[in-house]
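Heavy atoms only: backbone and side chains are in, while hydrogens, waters and symmetry mates are out. What you see is a predicted model; the values in this text were computed from it and never measured.
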Amino acid sequence: MGGRMTIKLPKYVSGFEDRHGKIRLRFRRAGISRYFENAYGTKEFTAEYEHYLSGDIGNRATARSIIPRSIDDLVRQYYSSNDFGGNPDTKARNRTIIGRFQALHGHRPVATCPFEKLDAYIASVAVKQPNGKGGPGAAQKARKQLKRLFRYAVKIGWINKNPVDFVEPIKTNSTGFHTWTEREIEQYRAYHKLGTQARLALEIYLWTGKRRGDGIGLGRQHVHGDYLRGRDEKTKKPWRIKMAPALKEAIAAMPENNQMSFIVTAYGLPFSKKGFGNRFRKWCDEAGLHHCTAHGLRKAIMRRMAQLGVNQPGMKSISLHSDDREVATYTAQANQERLADDAIDRLVEGENWLTQINGLDSKDDKSVAI
């Protein structure tokens, strides 16, 4: 590739120059061989890579011939419809979830796919495997995607009712990713000083509330005076956020670069979502915060706003949540803490009055039999 800049390609990816002088990238792993359709460094490339890496291509579902009006046929039509929405990353994840079900049941006719099979499949996904896969959270996601898939079957007239509606949701006690505390934020800052990518990453996510994909895409092109402006990857909503002093300081402390992203790899390239997740995991581990994640910072800014009494519209203007119920968890927790504090304060202040009206002298050290 004579005179061109050398880049470090992801695992299982190789590149070569074809006879037309075009650089071609190829994924090869355990019998899987696919040429990338999208340019290296784009979000679409990352989505392709993660889909290939999942190993769900080349499985039994793709190897067999498609029977008309089977689940295989339904999945094929669903993927090409507007009902299968989302950004490339979301689509890749959902293909993986649906693909696991399709590999087992794709040959079955949609019209005769019994509720019992779906219920048994979701129950099997809910069992945590030794390799870490599965569990209640995975079962919830599988039920959600299968419900959308069979809803499409109803829409196109293949069945009258959605059988997944009769599959009970899997209950889970999980509260999701850990929400960073103020002590943990300061512990991280104490270890990762200004001028490091690790510190910059913390301040970006802590002060913008962005999801992982949006945070790694932020760069100088989003800076407009004292504000950051952009468009949300998931909801497509435009947004404007005032830059906090701590965020400005973290950006200013970094060496100048010509990249379109504030957060870059050691090679000066933008992170993929998975790559950033792995790197941030390492930064948290270095600071002794093994249970903390980047998504937990998004939850931390929500916690802060709730504790400071920011109303739900204000919280949603930062998080870009669409539903009040999505932020109600944070406000409910903050309200419980505030109300409990107030209740104890009132009890302490009223203790003497309570003893007097009950005919007791609070100054006497007496026991009262009940």
Side-chain angles (χ1 to χ4, degrees), residues 47 51 54 56-57 59-62 64 66-129 132-177 211 234-237 295 312 316 319-329 332:
H51 178 54
S54 71
D56 285 313
I57 58 174
N59 59 21
R60 287 181 287 171
T62 60
R64 59 180 171 244
I66 293 180
I67 302 170
R69 293 210 170 196
S70 65
I71 290 171
D72 283 340
D73 193 13
L74 176 64
V75 170
R76 180 179 62 178
Q77 295 193 39
Y78 177 56
Y79 284 167
S80 61
S81 73
N82 290 328
D83 291 63
F84 186 61
N87 58 50
D89 292 327
T90 300
K91 285 185 175 181
R93 287 195 299 270
N94 292 341
R95 281 178 185 269
T96 299
I97 294 170
I98 294 171
R100 294 188 182 117
F101 171 77
Q102 184 188 0
L104 296 173
H105 301 288
H107 62 287
R108 297 181 182 280
V110 172
T112 58
C113 184
F115 147 77
E116 292 84 358
K117 290 289 184 184
L118 294 166
D119 190 59
Y121 175 76
I122 297 299
S124 69
V125 176
V127 178
K128 195 76 170 180
Q129 302 298 319
K133 292 184 178 181
Q140 286 182 333
K141 293 177 182 177
R143 182 182 181 276
K144 179 179 179 180
Q145 294 309 316
L146 292 182
K147 188 173 182 178
R148 290 177 175 176
L149 174 65
F150 281 90
R151 183 172 62 197
Y152 180 72
V154 174
K155 188 175 182 179
I156 61 178
W158 286 15
I159 52 177
N160 295 323
K161 294 182 179 180
N162 188 336
V164 187
D165 286 341
F166 301 97
V167 178
E168 289 295 325
I170 300 295
K171 295 181 179 180
T172 173
N173 295 323
S174 172
T175 58
F177 292 99
R211 298 179 183 87
K234 182 176 181 179
T235 66
K236 308 305 178 187
K237 296 177 182 177
H295 189 79
Q312 287 202 350
K316 287 162 64 180
S319 68
L320 300 183
H321 282 117
S322 300
D323 195 328
D324 284 341
R325 290 175 296 180
E326 295 176 301
V327 299
T329 300

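With contacts defined as side-chain heavy-atom distances shorter than 4.5 Å, the pair Val75/Leu149 qualifies. Residues Tyr121 and Arg100 meet the side-chain proximity criterion, which asks for heavy atoms closer than 4.5 Å. When side chains are defined from C-beta on, Gln140 does not count as touching Lys144, because their heavy atoms never get closer than 4.5 Å.
Nearest approach of Ile97 to Ala142, heavy atoms of both residues: CG2-CA, 3.7 Å. When all heavy atoms are compared, the tightest approach of Asp73 to Arg76 is OD1-NH2, 2.9 Å. Ile170 and Ala139 get closest at one heavy-atom pair: CG1-CB, 3.6 Å. Residues Ser70 and Ile66 share a closest heavy-atom pair of OG-CG2, 4.3 Å. What you find for Cys113 and Phe150 is that their closest heavy atoms are SG-CZ, 4.1 Å. Arg95 approaches Phe84 most closely through the heavy-atom pair CG-CZ, 3.8 Å.
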- request: Go through Arg93 and Thr96 one step at a time and tell me if the side-chain contact (heavy atoms from CB on, under 4.5 Å) criterion holds.
  value: CA-CA 5 Å; Arg93 287 195 299 270; Thr96 299; 5.7 Å; no
- request: In sequence, state the C-alpha distance, the side-chain angles, and the governing distance for Lys316 and Asp324, and then conclude on side-chain contact (heavy atoms from CB on, under 4.5 Å).
  value: CA-CA 8 Å; Lys316 287 162 64 180; Asp324 284 341; 2.8 Å; yes
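Annotation for Lys237: atom NZ counts as buried by contact number, over 12 foreign heavy atoms lying within 6.0 Å. Within 6.0 Å of NZ in Lys141 there are 12 or fewer heavy atoms belonging to other residues, nucleotides or ligands. By the 6.0 Å contact criterion, NZ on Lys91 is enclosed, its count of non-hydrogen atoms from other residues, nucleotides or ligands being greater than 12.
In this structure, CG in Leu146 is found 11.0 Å from CD in Gln102, a value given to the nearest 0.5 Å. Here the NZ-NE2 distance, from Lys117 to His105, works out to 6.5 Å after rounding to the nearest 0.5 Å. Taking CG of Leu74 as the reference point, atom CD1 of Ile159 lies at 7.5 Å (rounded to 0.5 Å). To the nearest 0.5 Å, the span separating OG1 on Thr90 from NZ on Lys234 amounts to 7.0 Å. Rounding to the nearest 0.5 angstrom, the gap separating the CD1 atom in Ile98 from the OH atom in Tyr79 is 4.0 Å. Here the CZ atom belonging to Arg108 is positioned 9.5 Å from the CG atom belonging to Leu118, to the nearest 0.5 angstrom.
Between Tyr152 and Tyr78, the ring planes lie tilted relative to each other; the angle falls in the 30° to 60° range.
Asp165 has no carboxylate O lying under 4.0 Å from a charged side-chain N of Arg151, or vice versa, which leaves the two without a salt bridge.
In this structure a side-chain-to-backbone donor-acceptor pair under 3.5 Å is present from Arg143 to Val167.
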